[in-house]
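Encoded as structure tokens, the structure appears first; notes follow it.
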Amino acid sequence: MPDTPSAPLLLGNQPGSFPHSVLAERHPAIIQQVREAFPYEPGQHRALDELLANCTGGEIEPLPADAHDRDHWETWGLGEYTGRSWFDVPWLWSESWFYRRLLQAVGYFGPGPWQGVDPFRPFKVAELDSAETDEELAALDGLAGRPAAEQAQALLHGSLWGNRADLGFRLSAEGARAADAAPGLVADDSDRLWSLLDKADGGTLYLVADNAGRELVPDLLLIAHLLHSGLIAQAVLHVKPYPYYVSDATTADVVDALRRLTGAQGAAAAYGRHLWSALGDGRLTLRAHPFSSAPLPYAEMPGDLRADFAAATLTIVKGDLNYRRLVGDRLWEPTTPFAEVATCFPGPVAALRTLKSDVITGLDAHTEAALVAAEEQRWRTSGTHALIQVRDVP
Ligand SMILES: O=P(O)(O)OC[C@H]1O[C@](O)(CO)[C@@H](O)[C@@H]1O
């Protein structure tokens, strides 16, 4: 982080704040959503009851002695935060811990009959199989005949706005959108993004995925187009090692998305087949690094991951949570330059994000003033604004 004054770290202990509402309201709603979606047995319901009581009114508790990832969580601060309220530790940490404990409660990590049963799968599949997805896939036929640069920009925007497909957010934001102004891009460095790829011509793109379904599909389409056009020779897709934040993508979700594409008609099916063969011959590879679901900012990424990202021509980082991790989940002045804050990233990085939490950087003063005039501070969390911000390594 720059040696300039830092910015306050987000905690969940301010009643009325967005972080507090997530811990106090969204997490209980997600427990109820998961409970209703599966014929869980008494043991799981008891564990969900305990989690509900603990995450809203209890203290951080240690992991079971035999937990497979106990060492990771000890490295990630569990020892330091054990015994403290969920609301008094970094918000990023509490949220990540919630999903770890939720999977524990439903038996996802096993051993046992519910091992590997993704508690969020019904929601992700329903969204992938939705009529909206049909429409978006059919629209690809219209794009096929357009000039390559226009196709690329359209697919980049498809990937960007796909980030609204955040099912955790939808749970508590239903209907909110109707009240807000038309969606708008509050920062746009897409020209720099394209010039980075053009310069490398045949380089390697890393894409750190966010949500499955209607966000992952346009991410994959963007990768397919860039591979097919030769603008990149290799793509590496980072997904989560286990279900996370309701709709974050895992390898199983990538397979579902590819089946959805290959099962479609026209251009969509062609993209699907292209991606399927790219996985088969190694032009597209998947990664599911444990740090992808760690409760920490990217400044604290381990050496192997740092070396990975440093080797990329460009890394596209998707979504709100990843953006928070890029800027340290701190409440920077909105006009603080993105490039000054994202110095933790070892290679050229482009953030594609719809705004769904308080953190923001890299706005010009005029844009900030216009947003505040139109929406007070709602623009930060409404999910109706987006940004494309790029930091090229000096
Ligand atoms: O799917 P995304 O874009 O990372 O958004 C995650 C959402 O969840 C949050 O963590 C709040 O729970 C915010 O970051 C954001 O509202």
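Read the numbers this way: they start at 1 and go in the same order the structure lists the ligands and their atoms.
- Close approach of ligand 1 to Asn163 (heavy-atom distance below 4.0 Å) involves ligand atoms 3 (O).
- Looking at Gln104 and Arg101, their side chains never bring a donor and an acceptor atom within 3.5 Å of each other.
- In Arg26, the part holding a heavy atom less than 4.0 Å from any atom of ligand 1 is the side chain.
- Checking side-chain atoms of Asp329 against main-chain N and O of Arg324 turns up no donor-acceptor pair under 3.5 Å.
- The part of Asn211 lying near ligand 1 is the side chain, judged by heavy-atom distances below 4.0 Å.
- Checked by distance only, ligand 1 and Lys356 come closer than 3.5 Å through their nitrogen or oxygen atoms.
- Donor-acceptor pairing under 3.5 Å is lacking for the side chains of His20 and Glu25.
- Ligand 1 places these atoms under 4.0 Å from at least one heavy atom of Tyr245: 10 (O).
- The closest side-chain donor-acceptor pair between Asp118 and Tyr242, if any, does not fall under 3.5 angstrom.
- Aromatic ring centres of Trp114 and Tyr108: separated by at least 6.0 Å.
- The shortest N or O to N or O distance between Trp91 and ligand 1 is not below 3.5 Å.
- Relative to the ring axis of Tyr298, Arg306 does not place its NZ or CZ within 45° and under 6.0 Å from the centre.
- Proximity to Val22 (heavy-atom distance under 4.0 Å) selects the following atoms of ligand 1: 11 (C), 12 (O).
- For a threshold of 3.5 Å applied to N or O pairs, the pair formed by Arg324 and ligand 1 contains at least one separation below that value.
- Distances between N or O atoms of Glu95 and those of ligand 1 include at least one value under 3.5 Å.
- Contacts with ligand 1 closer than 4.0 Å are made by heavy atoms of both the backbone and the side chain of Asp320.
- Between Leu321 and ligand 1, at least one N/O pair is under 3.5 Å apart.
- The distance from ligand 1 to the heavy atoms of Gly319 drops below 4.0 Å at these ligand atoms: 3 (O).
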- Decide yes or no on side-chain hydrogen bond (donor to acceptor under 3.5 Å, both in side chains) for Tyr245 and Ser96, but give the supporting numbers first. CA-CA 8 Å; Tyr245 279 77; Ser96 182; 5.7 Å; no
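- Ring geometry for Trp76 versus Trp73: interplanar angle over 60°, hence perpendicular rather than tilted (30 to 60°).
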